[in-house]
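Computed from a prediction, not measured in an experiment: that's the story for all the values here.
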Amino acid sequence: MKLNRLTLFCYAVLLLSIFAVSHAGVTSSYVRVSEPSEEMPLETFPPPAGLNAPEQVHITQGDHSGRGMIISWVTPLNVDDGSNIVRYWNADTDGSEKMSAVASTSTYRYYDYTSGYLHHATIKGLEYDTKYFYELGTGRSIRQFNFMTPPKVGPDVAYTFGVIGDLGQTYASNQTLYNYMSNPKGQAVLFAGDLSYADDHPNHDQRKWDSYGRFVEPSAAYQPWIWAAGNHEIDYAQSLGETQPFKPYMNRYHVPYRASQSTSPLWYSIKRASAYIIVLSSYSAYDKYTPQNSWLQDELKKVNRSETPWLIVLVHAPWYNSNNYHYMEGESMRVTFEPWFVENKVDIVFAGHVHAYERSERVSNIKYNITDGMSTPVKDQSAPVYITIGDGGNIEGIANSYTEPQPSYSAFREASFGHAMLEIKNRTHAHYTWHRNKDDEPIIADAIWLKNRYYLPEEETT
């Protein structure tokens, strides 16, 4: 009898141990409707009034260290009246002596659509931590905006990033964007790919790129959005005769890729405040001997953690995902690059693609061997936290089918729309929060104090 009781006790301990490993994380009990979100119609975003008025204004960092800004805008006409010039001045002056920069101007055709005139001007030599005004347009069509440059790069420089992915232009997208904008802490946006979702419409309706540009302008014209490209930016359509991948995206959204010696705008890096941000492309070749692979190998060697302690990566397809949607689509990229991320102690990897939210434990799976089949993620304090933030509000709806049981690498997951905030405090600590869209207000549903992998590689608790 004693033996039987001992046996039962041992079985109970074993079962509880298995349960603890399998259910290490939390699956939120909050339930949101799963139907596709309703898209805002084109007429929701009319062009601004005025002859040849500039529109779809957006900015992004224009150099590697934060003293440059790329100003981008669109005009319906290409006339020699100064509509391709940006005028700017320090907000602490009266603006009587304005500086100016001339934009490069281009246009593109896609099937039966011809774009407006796309202008991109790079302003250089800006002062750190300074507010600037800038003007676009001429005559009665002048529009004025402003931006704040980041503080000078340094290890203890506090800075707050918003994080958004898979935004689209639905009513849920609108809620996400304005929830983010309602938080005065946000200084720049890390965008994990999938912008307009034009390719979800007949003939890849390029008018949706225009309406998207007008939609995000209230934020993107005033603070830099750091762009990564997703699968909805590929816009490859052989049946339409469109065989140049990323054509609309690369014409409309310029990034400072040459400043980090990249050969493509689809992968690049910037330094901002105390963060070193690396943007990668899930939909470009990345295996050995490819340009992206060679660039990343060299780029990681350039990161100076005593200058920029926070190492952050943006990629579109997640490497750790416990949702049935897009399950393991990022696996080959993970196998290729994960050992480098662990070796270099990357702090956070943000991804999109899966239309839900998930945060991982610090795990790695770098012992994979095709002979013995070892392929189990293990706790690893040198590994990044992987965050899937593809929950912006796109037309395709919520990805609400998680695998069961919840795997041990998954710390928190919820099938909802929302955005995140990453508040870097100093070289050792950052406060991360995920804000669920609920009843027209952002609700913090997940939060964690992150400890820097280089200066404080300790386990975190929520």
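With ring centers used as reference points, Tyr276 lies under 6.0 Å from His64. Between Tyr134 and Tyr132, a ring centre-to-centre spacing not shorter than 6.0 Å is recorded.
Between Trp434 and Phe412, the ring-plane angle classifies as tilted under the 30° and 60° cut-offs. The aromatic rings of Tyr253 and Tyr249 lie parallel to each other, their planes meeting at an angle below 30°, with 60° marking the opposite boundary. Between Trp319 and Tyr386, the angle of the ring planes lies from 30° to 60°, which puts this pair in the tilted group. Relative ring orientation between His254 and His120 is described as parallel, the plane-to-plane angle staying below 30° on a 0-90° scale split at 30° and 60°. Note on ring orientation: taking the six-membered ring where Trp is involved, the planes of Tyr212 and Trp209 are perpendicular (angle over 60°, cut-offs 30° and 60°). Phe337 and Tyr286 have tilted rings, their planes meeting at an angle from 30° to 60° on a 0 to 90° scale.
Checked by atom type and distance alone, the side chain of Thr433 never pairs as donor or acceptor with a backbone atom of Ala447 at under 3.5 Å. Between the side chain of Asp194 and the backbone N or O of Asn231, at least one donor-acceptor pair lies under 3.5 Å. Side chain of Arg214 to backbone of Phe45: a donor-acceptor contact under 3.5 angstrom is found. A donor-acceptor pair is defined here as one N or O able to donate and one able to accept, closer than 3.5 Å; no such pair exists between the side chain of Asn251 and the backbone of Ser106.
Using a 4.0 Å cut-off between charged nitrogen and carboxylate oxygen, Asp63 and Lys124 do not count as a salt-bridge pair. Arg143 and Glu217 are joined by a salt bridge, as a carboxylate oxygen and a charged side-chain nitrogen come within less than 4.0 angstrom of each other. Taking 4.0 Å as the cut-off between side-chain N and carboxylate O, Glu459 and Lys451 do not count as a salt-bridged pair. Salt-bridge annotation for Asp380 and Arg453: absent, with no side-chain N of the basic residue lying under 4.0 Å from a carboxylate O of the acidic one. Between Lys247 and Glu242, at least one side-chain nitrogen of the basic residue sits less than 4.0 Å from a carboxylate oxygen of the acidic one, meeting the salt-bridge criterion. A salt bridge between Asp347 and Arg305 is present, with a side-chain N of the basic residue lying under 4.0 Å from a carboxylate O of the acidic one.
Across all non-hydrogen atoms, the minimal contact from Glu299 to Ser269 is OE2-OG, 2.5 Å.
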